[in-house]
Amino acid sequence: MTDPLQWARYHWPRLMSGAGRNDGERFYNYSSLLVCGKKPSQTPKLAGKHRVVIPRARCFKEEYEKICGTYMNNRIRTTKYTLLNFVPRNLFEQFHRAANLYFLLLVVLNWVPLVEAFQKEITMLPLVVVLTIIAIKDGLEDYRKYKIDKQINNLITKVYSRKDKKYIERCWKDVTVGDFIRLSCNEIIPADIVLLFSTDPDGICHIETSGLDGESNLKQREVVRGYAEQDSEVDPEKFSSRIECESPNNDLNRFRGFLEHPSKERIGLSKENLLLRGCTIRNTEAVVGIVVYAGHETKAMLNNSGPRYKRSKLERRANTDILWCVLLLISMCFAGALGHGIWLSSYEAVPFFNMPEPDGHNLSPALAGFYMFWTMIILLQVLIPISLYVSIEIVKLGQIYFIQSDIDFYNEKMDSTIQCRALNIAEDLGQIQYLFSDKTGTLTENKMVFRRCSIAGFDYGHEENAKRLESYQEVSSEDEDLTDTPSGSLSNMTKPKAHSCRTVNNGPLESKSFNQLAGSCLALGGEDGVTDGSLSRQAAFSSPIETDVVPDTGLLAKFSQITPQLFTLPHESDPHLSAEIWYIIDFFLALAICNTVVVSSPNQPRQRLRLSSLGRLPITSLEEIKNLFQRLSVRRSSFPSLCSGKEPSSGGPNAFVSRLSLFNRSKLAPPTEEDASQLSDRAQGPSKTTCLQDQEESEATAGSSSGSLDSPLGQTLASDLHYEAESPDEAALVYAARAYQCTLQSRTPDQVMVDLAALGPLTFQLLHILPFDSVRKRMSVVVRHPLSNKVVVYTKGADSVIMELLSSASAGGETVEKQQKIIREKTQRHLDDYARKGLRTLCIAKKVMSDTEYAEWLKNHFLAETSIDNREQLLLESAMRLETKLTLLGATGIEDRLQEGVPEAIEALQKAGIKIWMLTGDKQETAVNIAYACKLLEQDDKIFILNTQNKEACEMLMNKILEELKKDVQSPPNVPIPQLRAGLIITGKTLEFALQDSLQSQFLELTEMCQAVVCCRATPLQKSEVVKLVRNQLKVMTLAIGDGANDVSMIQVADIGVGISGQEGMQAVMASDFAVSQFRHLTKLLLVHGHWCYTRLSNMILYFFYKNVAYVNLLFWYQFFCGFSGTSMSDYWVLIFFNLLFTSVPPVIYGILEKDVSAGTLMQLPELYKSGQKSEAYLPLTFWITLLDAFYQSLVCFFVPYYTYQGSDIDIFMFGNPLNTAALFIILLHLVIESKTLTWIHMLVISGSILLYFFFALVFGAMCVTCNPPSNPYWIMEEHMMDPVFHLVCVITTCVALLPRFIYRVLQGSLFPSLILRAKHLDKLTLEERNEALKKWKEARRMTAVHSGPTDTKKLGRGRNSCDFSMTAASFCTKERDSPVFKATSDINNASGMAMKVVPSSEHPLQNSTQK
Amino acid sequence: MKRNNCQGLPSRMPDNTAFQQQQLPACRPSLTARAVLPGFFATGVSFLGMGILLILSAKSVKEIEITYTDLCSNCSKLRENASNFYKECTCSIPFFIPEKMPGNVYMYYKLHNFYQNYRRYIISRNNRQLLGEDNTDVENCAPFQRASNDRPIAPCGAIANSMFNDTILLSYYPNSSTGINVPLLSSEITWWTDKHVKFQNPKSSNLSSAFAGTAKPPYWRKPVYQLDQENPENNGFLNNDFIVWMRVAALPTFKKLYRRIHRIQQFADGLPAGNYSLDISYNFPVTVFKGEKGVVLSTATWSGGKNFFLGVAYTATGAMTWLAAFSLMAVHLKLKKKKASFQC
């Protein structure tokens, strides 16, 4: 019976194409109609949208050249520049920045003779220096990329050569589309390849995609349908099909196309057939495939968007102030121009120190003033500091360096540390106000542990298991050692995965560049940590906490009743009991089967267990096979009861036919070893296991044999099996099933073998897997049950979904229906209970289908599978059709353990004034409980739940809550805002209303009053919308943290996205700006590094403004004494170098190393973070005060020497020298005053700067007699060094200029120290004193809290009474009403469609559970 | 420090060094009243001391300034008209020195409102020409590069062209009838480096041949090699007055060293008190730019001329520092009382 269906599945295309063979053209149209749904049929060539790949073989040469010749080859070039275009292209790119353009404008201006202020060459210098530095940096980066590209391009792979008629070694770069490639185990895939052959008998190939997405678990890929049954390797010479597929795109999870044989037969291609560039072949001896995308058109390369570029808030702030500086510059220049005009016009005649123009006439004052404006711009250009841009870049690099080398972020288990992917927003970390966190995998470990289950309405508490979990201590898993033991036989395949991934690395490539196989750009952003922890993650998947489940004694007792007899006499002895036992069996079978887990054993890791012992036997003749089978059947006969005797009539003949054909096929080819193994594998067909008689019968009639085997698996201890799943909860369920001796033994695409204790191994024919997706929220497998030989659908999914799909009228009559109803109710109760305990719940259900039903569904499903364009939708619909009328088996509760240090981290972050939102797709109860467990919500918090079914209700409810909250806040007007803590819980549906335009502001107002917000049942899109709303409407700095693909959009929207490099793959990390391995690292990242980066950079930027204004103003003041003629009193070289050399390094060092408060203190006093949130270090006012100070200092610095030398015979450069020298001292000492810490590096750099200045001035003064024409610094410094007045002037100028700021700082330090300053004092104390002081500090904080305490409690008390109202609508979910949490408030007020409950948590029943 | 993990690959663990972990030992200056008090007092004391010293030193400087723009009104009128360029005009200005000027006495000429620092003026010179390397190098000297006959001007440029060309003689009248010419030296009024390095005459047997083929600056009466008729050494680019003039003043009101008093005979100890007169050959026009000119006779000390500013500044700053120190002390004492409640 199964076989016709199978047959139909495989031969459907053949039938279709058979119809088309008569009329090729018409078939094409039909097919494209099929493919494109109702869309107008496309032209046969499918130009543009699709690509056609034909093999690069002789017979197709012309066509090949025509079609595939245009495709990219596999050479990659990720470099931006070539040797030839480097200079022009780099310059072009650099001049895209506005700042550089401004400086270019200045240079050009200086070439205009009328306005030139300096010598032409000198003005170019800074620009040239900056451009050169950046160009060198770009060049080096590009060269590095080039080298890596070269390495990658020159990797060797085996490509089929027409000339030599065999696979020869060729460089990656020489691979082209249409090439056949043969890859062995552990080789890296050089291009996107359609898999045509695998040595695996089932046509499976395992690949590891960690190079691509970081997921270390193996993925299965299948040989193109029709090729799987091939007996020998695909012969490229004979391969004459063509492949039509999508144009290159970057969607890793999608590949659509078909393979067309010369006979016009089409075979659909999916992502299961595609091997992606950069992945590694594992556990498969060899594969052969044809290249469809190469080089830059591979999906991996198309996915590399390169590093992200964001502007930080601080930089935006600084940019506005730069605009202010521009305004200042313009006004200063205007003043200069005006002054010049007035000065000129004050003379009746032209004074003879004024030059006439070359043509002899004099300029009018107005025109001269106009020219002077531009001259002034050149002269005062330093006001807009070119060095600022460069310095900011350097400082950020330094900050990133220190963040990355912080040892506290190192995770030993994963051997990973923090990754900073965005290089220029580190300072934003110090200003975060809102934190949006995912729950699963972020707050929790995403280490799923089976906790409890409910089967057929009975709850099994698993108390022992719970105890084990409590006492469980995370030991570094010994599994690694286990997996490391080498096992011999298959030399290259048996190496443990952990090993093999490293062994490949030891080639010419270092591990870093290894990543870049996937693409160098990718590696640029995330080079660290893509390869990380393939080893550790494996361990993480199989840590004892997850694998060892202690069975529940009650359930075990029931399990013991399972006897083989049960199957012979169904529903007879004790119908009730046996029904329950059937439920239990089905339940655990579902747990074991309904998944996509890959089985491996430690002895042969990653090697899918198969019946290889038999397969390896050289079977030479039919006779031998027969003997073998007989031998086996003798053993099999020890399970006589297995043969129910009913089946053969229905299944027999068909099974026989298919077996026959199968066998015949295998007979065609010489019986090679592989062949035989394939055969034996097939021979293990499900129908054989069911009935021995049947087999014998068929054997007798056909004279053929096929063995049903008692597998050697029996020898493998169940506990040695390892399960690798795409999501950890799948594995948890399989491990749970194993604990009840329902062990998943092996899995191939066609069948699943389960070892059920009482029954021995059962082989299920796997008909379909409908994988999990977030729309359906469930997955299903369709199997043929070996005992009943019926098609059974096992479904597992979110309870809300499954409950709706349960059959209302079961076919089994009224009693069954009633029973189901009871089970449903009971299970629902258990589900609610699980959820309250913070467990993740899943419902397990099944459905038995008749063959006709199945055949009908299959027909439709096949249509969906083969379509190209609308496949996803069709597949979804097809799955929905299948998953109906389910029978509920039970439910599971899986615990998602909190990550280490999460409650502490959340507490600290909340103390730091960060509002934390938890956005999760989980159900409300689970989310709320995790929120309590991780201290996001506390017992004293007022909790408001927003769960309504329509918009109006939502609005009303929000108004109500707001009123309530405001009353609380306003009632004691004399107390400054008390410590009222409120939490808001909102469900996805309500969130939808709240996010609408009309309710936004209200919603935000509400959330602003709450410390914590929990959004449950939120979709990824909603997550990002929430973040966007808060970010844009409240104008706050947001941080989003998450670990899964569903958090990507949220991570991208937030100001800072943090990815957790956990088990759910790398999508989140790839999208993030920072990637940490654990949530708790966020504390140090924000509180310490964020604080430091922010204060450092903002202080440095302010300092730069100060420095430039102070220095440039000296020139400006001088204009008042030189007729506003644009004279500078310093040598131009000194002027340029002043910014470029003498005063550039200290601020950079300051920006990198400044440490206002030590890390320890910052961690202990999270409230210090608030200064960054309020941008205290860099307020608009601070900027103006800084400018004012700069003005004052420049005035002092100019006028002290001015009055000193007034009326003397001082010459112009003699006058400039003390100005410069004093300015240098002032500027550097100013930095010392502002510095909170001075290490030897600071000292070195500052004294180095001063020494360099004097050295330069002395050398320049000694050497330069004529070198810098108009000015002439010859011997000036030397002369001054011997002049006491010079020294006196410098000293007094420096002192007077710095005195006010110094006194201000002293007064601030003594009289009104900021929190930061006070914390800084703590650092100076000894350890004991410090602890003492910290205690006092915290006490003092608490004192202020207690001060407002009484009113607080009173309020709470009142709140308890008055807030205890609720309006629960009829539409309010029943399950919530059932739950004890809400019972207290579930009295119904009216049917307004609202539910509002204020749950004072002292009445919170969960309090106890969360307490412990 | 790199730990190797069992796979033999370097671990990603960052190095645990003080630098990388930002734990470098650091000096943490704490700016509180208490910490800075000693510094403030010390600074105050030293500044006050220095200020008093400077004031005393400036006070010891004897200085006399005679502005003669208006005193020679006829001459200044004459110079207003450029056509009178070659007309001689002299004037004599009697003045009285009330106190003896001891030690070295220097004679300066002082110009008011002359913007020697005007941008286009100061760049109008050529240092290489002045170095005697190439007379024809007149780059940057616009508009005084070449004379009408296309000869290069030596020295070229606006600065040289506008050289101060009054001659000033000082006579001492021990009694009303007899006047003694005070001996004035023009040597050593320049920087040594200027005279010996920056300014050199072109190499040649004699000066006139060295400057052959060049033209004199248009405002000059005599060519550069005839600047000093008395001392042939003091000619060409090495002329002291020329060198002094070429050192461009920083501010529009400036004085430049003109002569030193030769300390011989009765002037061995400086200028005695009494009647003097200045005999000025008035050539330099100042009224066109609303300027003034004068003569300054001054003694010198280590701290420069008679300028009290620096001394006053030091004294004032010293006083301010003390004031600040006292108020900080008050703050400190006040805080000390509250120390119990103020915990940081």
Side-chain angles (χ1 to χ4, degrees), chain A residues 347 349 351-356 358 402 405-407 410 415-417 502 511 528 532 1121-1123 1125-1127 1129 1155 1200 1203-1204 1206-1212 1215 1236-1239 1265-1266 1269-1270 1272 1274-1275 1284-1285 1288 1292 1295-1296 1303 1305-1306 1309-1311 1313 1318 1321 1323-1324 1333 1336, chain B residues 5 7 9 11-14 16 20-22 24 26-28 30-33 36 108 115 117-124 127-128 131 140 142-143 158 162 193 197-198 247-257 288-289 302-305 307 309-310 313-314 317 324 328 331 335 343-344:
Chain A
Y347 296 103
F352 65 85
F353 42 77
N354 190 11
M355 306 300 123
F402 277 121
S405 41
D406 190 325
I407 204 159
Y410 179 70
D415 186 30
S416 71
T417 182
R502 303 285 192 191
S511 70
D528 312 316
D532 65 0
F1121 304 96
C1122 69
S1125 60
T1127 313
M1129 66 291 182
K1155 213 163 79 173
V1200 169
Y1203 282 113
T1204 308
Q1206 193 187 24
S1208 73
D1209 58 345
I1210 191 90
D1211 88 73
I1212 184 162
F1215 179 66
K1236 306 284 193 299
T1237 43
L1238 293 169
T1239 63
V1265 185
T1266 59
N1272 194 329
Y1274 185 67
W1275 217 249
V1285 176
L1288 288 173
I1292 187 81
C1295 286
V1296 173
I1303 289 180
R1305 287 282 174 223
V1306 169
S1310 325
L1311 282 177
R1318 288 168 62 185
H1321 286 298
D1323 291 338
K1324 301 193 76 162
K1336 269 188 191 162
Chain B
N5 64 14
Q7 298 298 318
L9 272 162
S11 138
R12 289 171 194 282
M13 184 164 84
N16 192 6
Q20 285 198 332
Q21 301 308 318
Q22 309 193 58
L24 283 179
C27 146
R28 305 173 149 271
S30 77
L31 299 178
T32 54
V36 298
Y108 301 85
Y115 283 82
N117 55 13
Y118 188 73
R119 195 186 119 71
R120 291 167 63 191
Y121 177 85
I122 59 160
I123 61 170
S124 184
N127 288 332
R128 286 196 54 231
L131 209 56
N140 293 332
S162 62
T193 48
V197 183
K198 268 173 84 174
R247 191 163 274 279
V248 183
L251 300 167
T253 295
F254 60 90
K255 62 184 182 187
K256 280 185 185 291
L257 191 54
V288 281
F289 56 88
W302 59 273
S303 65
N307 188 341
F309 175 78
L310 205 55
Y314 263 96
T317 311
L328 284 177
V331 166
L335 286 180
Q343 183 70 48
C344 59

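Keep in mind that what you see is a predicted model, and the values were worked out from it rather than measured. Residue numbers begin at 1 in each chain, while the letters A, B, ... track the order of the sequences.
- Minimum heavy-atom separation, B:Y115 to A:G1123: CE2-N, 3.4 Å.
- Evaluation of the salt bridge (Lys or Arg N to Asp or Glu O under 4.0 Å) rule for A:D406 yields A:K1084 as partners, not counting sequence neighbours.
- Both the backbone and the side chain of B:Q22 come within less than 4.5 Å of a heavy atom of chain A.
- In terms of non-hydrogen atom pairs under 4.5 Å with chain A, the most contact-rich of B:T253, B:L24, B:T193 is B:T193.
- Heavy atoms of A:K1236 lying under 4.5 Å from chain B belong exclusively to its backbone.
- Among A:P1284, A:C1295, A:S1208, the residue with the largest count of heavy-atom pairs under 4.5 Å with chain B is A:S1208.
- Summarising the geometry of A:T417 relative to B:P14, their closest heavy-atom pair is OG1-CG, 4.2 Å, with the distance given to 0.1 Å.
- B:K256 touches chain A through its backbone: at least one of N, CA, C or O sits under 4.5 Å from a heavy atom, while the side chain does not.
- In terms of heavy-atom pairs under 4.5 Å with chain B, the best-connected choice from A:D1209, A:T1239, A:L1238, A:I1303 is A:L1238.
- Closest non-hydrogen pair, A:Q1206 versus B:L251, comes out as CA-CD1, 4.2 Å.
- Atom CG of A:L1311 sits about 5.5 Å away from atom CG of B:L335, to the nearest 0.5 Å.
- To the nearest 0.5 Å, atoms CD1 (A:I407) and CG (B:N16) are separated by 4.0 Å.
- Here the straight-line distance linking atom CZ of B:F254 with atom CD1 of A:I1210 works out to 13.0 Å at 0.5 Å rounding.
- Residues satisfying the side chain to side chain donor-acceptor pair (under 3.5 Å) criterion with B:N307, sequence neighbours excluded, are absent altogether.
- In plain terms, the two heavy atoms of A:S405 and B:Q20 that are nearest each other are OG-O, 3.7 Å.
- Minimum heavy-atom separation, A:H1321 to B:T32: CE1-CG2, 3.7 Å.
- Contact between A:Y347 and B:V288 at its shortest, heavy atoms only, is CD2-O, 4.4 Å.
- With a threshold of 4.5 angstrom between heavy atoms, B:V331 approaches chain A through side-chain atoms but not through N, CA, C or O.
- A side-chain donor-acceptor contact under 3.5 Å links B:N117 to the backbone of A:F1121.
- Taking the six-membered ring where tryptophan is involved, the planes of A:Y1203 and B:F309 are tilted, since the angle between them lies from 30° to 60°.
- Checking side-chain atoms of A:S1125 against main-chain N and O of B:R119 turns up a donor-acceptor pair under 3.5 Å.
- Rounded to the nearest 0.5 Å, atoms CE (A:M1129) and CD1 (B:I122) are 11.5 Å apart.
- Atom CG of residue B:N127 and atom OH of residue A:Y1274 lie 12.0 Å apart, to the nearest 0.5 angstrom.
- With a 4.5 Å cut-off on non-hydrogen atoms, B:Y314 touches chain A through its backbone and its side chain both.
- The shortest distance between side-chain heavy atoms of A:D1211 and B:V248 does not fall below 4.5 Å.
- Distance CG/B:L310 to CG/A:L1288: 5.5 Å, rounded to 0.5 Å.
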